[in-house]
Every structure is written in C-alpha cells, then in structure tokens.
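All remarks here apply to the structure that follows.
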Amino acid sequence: MTTTGEEPERAFDHSEVESRWQSAWDEADVFRIDDDATDPEYVLAMFPYTSGQLHMGHVRNYTITDAFARFERMRGEAVLHPMGWDSFGLPAENAAEERDTNPRDWTMQCIDQMRDQFVEMGFGYDWEREIATCEPEYYQWNQWLFKQFREAGLVERQAAELNWCPSCETVLADEQVEEETHDDGAVDVCWRCDTPIDHREMDQWFLTITDYAEELLDALDDLDGWPNNVREMQRNWIGRQEGASVAFEVGEYGDVDIFTTRLDTIYGATYFSLAPGHPVAQQIAEDNDEVAEYIEMAAQADEDELDVTSGVFTGEYATNPATGDAIPVYVADYVLTDVGTGALYAVPAHDDRDHEFAEHHDIDIQQVIEPADDAAVDPEDVDVQAEAYTEDGILVNSGEFDGLTSVAARETFVSEFHGEHRTEYNLRDWGISRQRYWGTPIPMIHCEDCGYVAVPDEDLPVELPEFVHTTGNPLDAAEEWKQTRCPDCGTDATRETDTMDTFVDSSWYFLRYVSPDLDDAPFDTDRASDWLPVDRYVGGIEHAVMHLLYARFFTKVIDDIDLLAGVREPFVNLTNQGMVLGENGNKMSKSRGNGVSPQRLIDEYGADTARLFIMEAAQPEKEFAWSPEGVQSAHSFLQNIYRLTEAFAAGDITFDAESTDIADYVDREIDATAARATEEYEQFRFNHALQAVRELVSLLRRYREATDPDRATFERGLVTAAKLLAPVAPHVGEELWDHLGADGLIVEADWPSADAPVDYETERRLVENTREDVRDIIDTVGIDAPQTITLAVAPAWKHEVVSIAREADNVVPAVMQNQDLQQYGEAAADFAKTLAGRANIDEHLAPERELAALERASWLVAREFDTEVVVQSADDADDTLASQAEPGRPAIDISE
RNA sequence: GCGAGGGUAGCCAAGCUAGGAAACGGCGGCGGACUCAAGAUCCGCUCCUGUAGAGGUCCAAGGGUUCAAAUCCCUUCCCUCGCACCA
C-alpha cells in the first residue's frame, strides 16, 4: 500500500485485486475466440510501435477498444480483440546502436515490457493471436505478398528522384516528409528526426498504388463510419483533377503534351512553360547554357526558395493550336515535373501564377473569359491586366467560339484541338525501398544475365542476417548473406539489400490475426472473408493518410487476387482518439516536463482508476487535459461503490420486505439507467454512460439513507451498476460481482436488459418541475420550517381538455363541443382559453399515472425539506387547491 | 487560397442530424445537514429581478424563415486541423 497518513483508508488493495482477476480471466480463457466463430465483432486498436514505453495515448487508445470489446462480449457477441506489435523500424536500430545491442534483442525486450503493461491494465486480448511483424513467421508473408503483387503487375522498379534523409541515411516516402515552417520560409524535413531532406536519384521498388487511385477515392464516399476529416484528408491526398491534354508543337522538338483543367482558356495562352525536369527541357539544355544553368540551379534550390516568377526563356516557340500563334517557351520552376505532364500552356489573364510570371517577364496578357451575366462581378470591372480573372464565364476573343460558356468550351475544345479527356491524380506510386536493416528484406535477387529475379516461394522467408554495427546499410555489409545464386540460371548473383517500408507490415496485419499460425498462407481466406472487415478500428489521427490509405490499397489488391472474397474495405467504423494533454492543457512532452507516466498511475491508483478517469474525461474523439482531481474523483468513486456493495454483502444494511413507492421509483431508475448506458456505449460515448452509472450509485446511497430499502430492488441496483461499470473498470467489476454472490465472472455475465420504463421522460420532467416549484415557493416566500407539503393532481376533465387542445387547431370550440366536458361549463371554457393562448402544450400523463408518479417521487421532497408530503387525487383534495392544478403541474400547498 | 470541424453561462462541456421549458453533467465558488473539528458523504444555490410556483435578458455578431430558433437559412468575425507554386 502506498497510502499516506493523510488519505482515507482504502476499501481494497487494487494491486492485489487486479492481479487476482487478471489471473482468473486468463485461467477461464475468456478472451479467446474460436476459429469456428461466425462473423464475430472485430474490435481493433492500431497496434503499437514497440518503443518499450507505454504512454497515455496508448492507455487511452487501448482502454477504448477494450471497454467496447467487453461491452459487446457481455451482450453475447463473439468478439475478436487481438493485439500485436509493429516491431520493425529505424528507432530499434538507433536504440541498438546507443545501447550496444541489436535491434532484435532490443525489440523483444520492448515487447515483453509492453505486454506486461497491457496485462496490468487489464486489457483483454486473445494472446494466442499475438503477432509481431519482425518475426520471420510474419514477414515471410510480406515477401510472399510482394511477389503476388508483382505477378499482378503492381510492382515496378523505377529510377526516381527521391526524398533522402541524410541523418537516417534512407529514402523517405512522400508521406514521410513533413514541412517545417521557419521565419524565412518552409523546409521539408524528415518526419522522424526533423532533419532537412535532400533529393537523390535512385532505383527503387514501387507498388503502383496509383492504379487504384480512382477506387480509393470513390469508395471514400461510402465509408459512412469514418470521420469526415479523415476522408477529406485522403481525398486531398489522392487529389483528382478532371481535365484534358492537348499537344503543342514546340519548335523542332515536336509535339509536347500539356494537361489542363481550363481548356476553355486556350485562346489566351500567350506563353508555354516546361518543368525543369521535363525531357524537352533537358534536351534544350544540351544546346543552351542558360537553360542548363537554370535547370541545375532549380535542382539545387530548396523548396520555396524560388518564387513563381522564376524561369528562363528558351529561345524556342510553341504553336498555339487554337490561334496558330507562336508563343515563347520558358522553363520555369513553378511548373512541377510530376504534376500533369510537366508542361503547360500559360494563360496570364486567367491564372494567378501565370499572371505574376507574365508581368515579371513582360509577356502579353490576353483576356478570353468574361464574367457571365449572372456572375457576381460586372464584366466592366474586370481588368485582367491588373489581376487574373480565374472564374468560369463566357468566352471572348476566341474566334468562332465567342459566347460559349466555359463548361461548353472545355467539352468542345477537346475534339476541336485533337486532345483527350484526362484525369490526373496527385497520388504517387508508393516507393517501399528502405536502405535500412530492421525491416522485411525485399525478396529479389539481381543476376547479371537475368536481371531481377524473385526468390522462389520455397526459399522464403529471406531472413535477416545477424546485425552488424556499420555506418551504412548493414545488409550491404553482410557479404555472405548477400551472395547467392540466380534462381533462373544458377550463376552467382546478389540479393537486394533494401528492406521494405514498415507501412507494408501494417497494411495487412489485421488479416493475420484471423489465423496467426498458418504456415502455408498469410491468412485463411474463408475465415478472413467472414470475419473481415474490422467493425471498430481505433487509433491516432496521425495515420489518417499513410497507414489507412495503404491498408485500403492492400485490401483491394488482396481481394482482386482472390485471397479474399468480396472484402473491398478493411475498416467499417473508424475512430481517431483525441490527445491526452498535460495538466496545463499543453501537449505532454519531455521538454515541457508535463508528462504523466501510466505505470506510476497504475502503481498508485490501479488500472481501473486510470481507465475510468480516461473514459470519463471526454468522448473518445476529443482531447482532454490531465487532471489530478479527475483521477482522484474516479478513484473515490470506485472506492465508494465498493464500500456500498461490501456493506450490502456483509449484511450491514437493514431491509424492509414491504414493497413501497420508493422501491418502485428506484426500480424505474435502474431500468432507465441501463437503457441509457447501453445506448451511450453503442454510440461510443462512454463518458455519458459512466455519468449514468454514477447517478445510479448515488441514488442507491440516498435510497439507503432515506429508508430501509427493499432488498431485491437494492440488490438489482448494485448488480446493474456493477455490470454497466464492468467494461471500463473490469477488476472492480469482478470484485463487486464476487461480493454480490453471483456465479461466474462478470466479464462473461449478461448485459442488463435495456428498456426504458413507460413514460419515463414525461414522468421525470413532472417530478423535476414539481420539486423545483416547491423549492421556488419556499425560497421566494421565505418559509423556514414547512410542516406539510400537499400535492394535488388536476381533475380528469382537465386532462381531457389538454388532450383535445393538443390535437385541435381551434381549441376553444373543440372543447366546448365535447359532450363530456359541457357539464364543467365556465371552468372548461376558461381553461381552454388559457391553453389556446399557449404556443405549445406539453405531453402529459393520465391523472392516475401522474398520481402514481408523484407518490413514487414524494420521498425526494420529504427528504429535502424534512417534512411530510401528501399526494392527493383531485377527488380527495380540497376543491380550491385542486382547481389550481393543471395536468403536468400539480397544485402545491405548503403549510408552516 | 482550398477543404474539414468549431465558437454554449467563471472554466470544461452536453444539446444542434428529426425547431417547442435559462439550456444535461462536471470543476470552481456560496449556503446548509452530519461532526468536537477536518475530510468523506448528503441537500440546495451559482444571468438579473421577485414575500406561492412569476417576469426579464440569454447559446460569437447581425439579419431571415416560423406561432415558436442554441437548433434551419444567409452574411460577417474569430479559433483548431488538414492540403497547398496541382496547371
């Protein structure tokens, strides 16, 4: 125990309790799921990178999935809730260097450490399905899948200018390059070490994800279970532009294709521009020193160093197919080699960049689009010499096409100028080569005669050799490993020394859980087709593009090569959990010194306190700040519910066998709580569900204080609270369950049935309003010691009037025409008039139901004012009093 | 610049998709019960006014639709995030 003298005695010792139940779950195999289960609920958290350090983000992420998995399990679902280790990657190499060990030993040690912590947190995983991507049993299937992709024509070896991190000494995918802004502009840096990146030309293995660009984009529309921002980020990343390509004849170099989304502006093209990397620009450079220098300079320049006006005239001219004019050809850095065709015609009048460039280089600006009649801008106000007009409009100065709309012109011009419709994507192919050791060896062999040859299946896996400490790529230094024979011709050959991007590992791991020990295929196709897609996927927003896009790509390819039967998307519902901020509301970080160690929290307060605090703090998507008060509050709640249950179990509570109105009230609240908590769990709003549980426990305490409770009702309340709490605080849940003398484990118990009581909301409103009115009167009048509070329900005829009034358009005549109400004459008419003046008439209970509701709730009023409360029907009540009552608003009399 | 999501009482934060009660809950603050006292627990209050349940003003700002708007529509301002020399 770590209790200090200042703190109250703890009701139980969390470390003893928690480890005891963890063993019990383990022995009862409660988290194991049979291979023959049919379409289980697949609940998955993004598996952790094996840094060895569990942080609050992990705790939150895994508590969310664990609580939801436990909830579904109690509801009777078969649940697949596995865990594994994203265990390849550069940090392990760095750690190995620092600690004079090797990546494997380091990683394995991290895994053991993290697994222990997960167990301590009470996370219920099917550990028999545990996987680690750094094991040959796993990564051999990366290699096998790579070959399958290759056979499907989805692997290419391309020379490409690549992002190179000089510090990590490796190539980075576009996705791994981040922009860092400084005072003097932006710099591209390595996502891992923040070192500014270089560019290098190298041969690399690519997966042609661009072949799937269209489906990856279109299918986003149907991913309703994904957050909008993630879908939008992927749309952005894939970046589709609908346009057209048209050829311009460039001097002696022949036709050069351009891509444009604004073919309607072609008559306004007054110059032509090539990217520095465009083949024709390179050709021109051979005879033109000025162009050559410019291209060289542009290649050296940092991102953003050259502005839009940077460029050089080549001395060449292109022919505008629309006007027949010869327009000057420039090489300009703002034209990007890998966007479109790397060449464009420029229309200064209708494009901001072209406009700026033209001004700087003194090129003609020719207007060809005017605002349409219905545009917000008057054509007179448009001065393209001053500023580009970039909206669509009506063509002018475009020969016979004047008067066409932009939309029509774009269509017409495609055939007119022998172009073609074309769709371009920003998405680039996925370069997976990494010049590092701790990853999956790419299963290729280079033979002088045969070129690149895949390692035959029977020779897989290509296992990593022993790690050697070296400055370069350790695989390159492993001479013995490198030397092999060509599978085709048998002559000496060398192995590929690059390893795969670790995002390959995580692109299909969710399939491996289905059959983790299978040794003749990556996963069981039938079972995977039944168990997938993942029903609930939870992880950080940082994976919005990379991991989630690659995983979608892999799933589609795997389905296309018939390893899956009709699974096009891996994750149906996605939740990105928010950050856990430091106490001051800032990001937790070492430099700020505001980090909180999960381990210390577990030691001090126990896993359940940590879990409860995190889940109560906010909805999963929202960030929240760490709060010692919140932790304390969660802890004392657990202690309190424990004490209450213990008192019940120990026979410290006196019960009264007679059924009472109070018991009826409590019974209804129990049902309402179960209903509400169930809905909130389903909606992933754990904080709301937990709030309901707290309210129920508080009610049970008040119940006990107010009277000798009914035993069955009180017990049912405790059982319900324990069950509703169990997914979030499972150890305490078991302990409560045990005290309540129930059979088996709460983790396997049935979820409480969840129908809200009849008229619950209306009744609650009636009771709350009445209590407030009583308070209001006592307060306003200044009554010190009320003797008796009398509540009288309105007579049945008034209820009838209200019912009629709710339906009728014209209240007073409708009421007066009613035969039954005529006997109440004047009174009925007056009441009808009152109601007619109201904008809205609330729902109300029938008189006998209203009476019963008030009788059930009267103990709350009696308790609050320490007084007698009498609830009367209209017949029993004094006439004057009863006449003041309305449906939903009993008359109140307070005597001193 | 483009896109996504937001702005609710001292603070945090529900409600907004399906318009109908000054607007759930928590923290903080105030008062009361219990207690020798503190803590824990319990009962209230916490926009303004009010000696019988009332009235007034409210959900970034302004306008509109409606019997009725925090909720729907328009405009403006501000915040957070993502993308961005993308032709």
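Sequence lines set the chain letters: A, B, ... in the order given, protein chains first and strands last, and positions in each chain run from 1.
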Sidechain N-carboxylate O distance under 4.0 Å for A:Arg240, A:Asp218: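 Looking at A:Asp218 together with A:Arg240, the answer is yes, because their closest N to O distance falls below 4.0 Å.
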Flag the pair A:Glu242 and A:Arg422 as a salt bridge only when some basic side-chain nitrogen lies within less than 4.0 angstrom of an acidic carboxylate oxygen.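 Judged by the 4.0 Å cut-off on N to carboxylate O distance, A:Glu242 and A:Arg422 do not form a salt bridge.
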Should [N] form a Watson-Crick or G-U wobble pair with both distances under 3.5 Å, which nucleotide is its partner?
| N | value |
| --- | --- |
| B:rA54 | B:rU49 |
| B:rA4 | B:rU80 |
| B:rC42 | B:rG32 |
| B:rU65 | none |
| B:rC59 | none |
| B:rA9 | none |

OP1 or OP2 of [N] versus the side-chain N and O atoms of [X]: is any pair under 4.0 Å?
| X | N | result |
| --- | --- | --- |
| A:Arg775 | B:rG44 | yes |
| A:Arg771 | B:rG44 | yes |
| A:Asn236 | B:rG82 | no |
| A:Gln241 | B:rA87 | yes |
| A:Arg889 | B:rA54 | yes |
| A:Arg863 | B:rC42 | no |
| A:Arg701 | B:rC42 | yes |
| A:Lys622 | B:rC12 | no |

Expressed in whole Å, how much space separates the [atom1] atoms belonging to [N] and [M]?
| N | M | atom1 | result |
| --- | --- | --- | --- |
| B:rC16 | B:rA84 | P | 35 Å |
| B:rC24 | B:rA9 | C1' | 14 Å |
| B:rC58 | B:rG64 | P | 15 Å |
| B:rC34 | B:rG39 | C1' | 12 Å |
| B:rG19 | B:rC11 | C1' | 29 Å |
| B:rC12 | B:rG7 | C1' | 14 Å |
| B:rU71 | B:rA18 | P | 14 Å |
| B:rA23 | B:rC45 | P | 12 Å |

Base of B:rG53, side chain of A:Asp776 - is there a donor-acceptor contact under 3.5 Å?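 Answer is no: no donor-acceptor pair is held.
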Could you tell me whether the side chain of A:Asn426 has a donor or acceptor atom within less than 3.5 Å of a complementary atom in the base of B:rC83?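 When only heavy-atom distances are counted, A:Asn426 does not reach the base of B:rC83 through any donor-acceptor pair under 3.5 Å.
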[X] side chain to [Y] side chain, donor-acceptor N/O pair below 3.5 angstrom:
| X | Y | result |
| --- | --- | --- |
| A:Ser633 | A:Arg694 | yes |
| A:Asp429 | A:Thr210 | yes |
| A:Asp708 | A:Tyr703 | no |
| A:Gln691 | A:Glu695 | yes |

I want to verify a distance call: between [options], whose nearest atom is closest to the [X] side chain?
| X | options | answer |
| --- | --- | --- |
| A:Glu232 | B:rA14, B:rA4, B:rC85 | B:rA4 |
| A:Arg702 | B:rG53, B:rC43, B:rA52 | B:rC43 |
| A:Asn228 | B:rG44, B:rG5, B:rG25 | B:rG5 |
| A:His688 | B:rG82, B:rA4, B:rA14 | B:rA14 |
| A:Arg685 | B:rG53, B:rG82, B:rG15 | B:rG15 |
| A:Ile777 | B:rG25, B:rG53, B:rC85 | B:rG53 |
| A:Thr261 | B:rA87, B:rU41, B:rG25 | B:rA87 |
| A:Glu705 | B:rC42, B:rG25, B:rG3 | B:rC42 |

When we call it a touch if two heavy atoms are under 4.0 Å apart, what does [X] touch: a base, just sugar-phosphate, or nothing?
| X | answer |
| --- | --- |
| A:Pro890 | base |
| A:Asp866 | nothing |
| A:Ile894 | base |
| A:Val230 | nothing |
| A:Arg694 | nothing |
| A:Asn687 | nothing |
| A:Thr260 | sugar-phosphate |
| A:Asn769 | base |

[N] [atom2] sits how many Å from [X] [atom1], rounded?
| X | N | atom1 | atom2 | value |
| --- | --- | --- | --- | --- |
| A:Leu699 | B:rC43 | CG | C1' | 14 Å |
| A:His635 | B:rA40 | NE2 | P | 15 Å |
| A:Leu881 | B:rG53 | CG | P | 14 Å |
| A:Trp626 | B:rG26 | CH2 | C1' | 17 Å |
| A:Met233 | B:rU80 | CE | C1' | 13 Å |
| A:Trp237 | B:rG3 | CH2 | P | 20 Å |
| A:Ile783 | B:rU51 | CD1 | C1' | 9 Å |
| A:Glu680 | B:rA14 | CD | P | 12 Å |

Do other residues, nucleotides or ligands put more than 12 heavy atoms under 6.0 Å from A:Glu621 CD?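 More than 12 within 6.0 Å, yes.
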For A:Ser698 and A:Thr337, take the nucleotide of RNA chain B holding the closest heavy atom to each; which residue's nucleotide lies nearer the 5' end?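 Closest to the 5' end, via its nearest nucleotide, is A:Ser698.
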5'-most contact on RNA chain B: A:Asn640 or A:Arg764, nearest heavy atom basis?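 Upstream on the strand: A:Arg764.
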On the six-membered ring of A:Phe714, is A:Arg704 placed so that its NZ or CZ lies under 6.0 angstrom from the centre and within 45° of the ring axis?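 Cation-pi check for A:Arg704 and A:Phe714: fails.
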Return the orientation label for the A:Tyr642 and A:Phe12 ring planes: parallel under 30°, perpendicular over 60°, tilted otherwise.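 Aromatic pair A:Tyr642/A:Phe12 classed tilted.
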Parallel, tilted or perpendicular: rings of A:Trp859 and A:Tyr665 (30°, 60°):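 Ring orientation, 0 to 90° scale: perpendicular.
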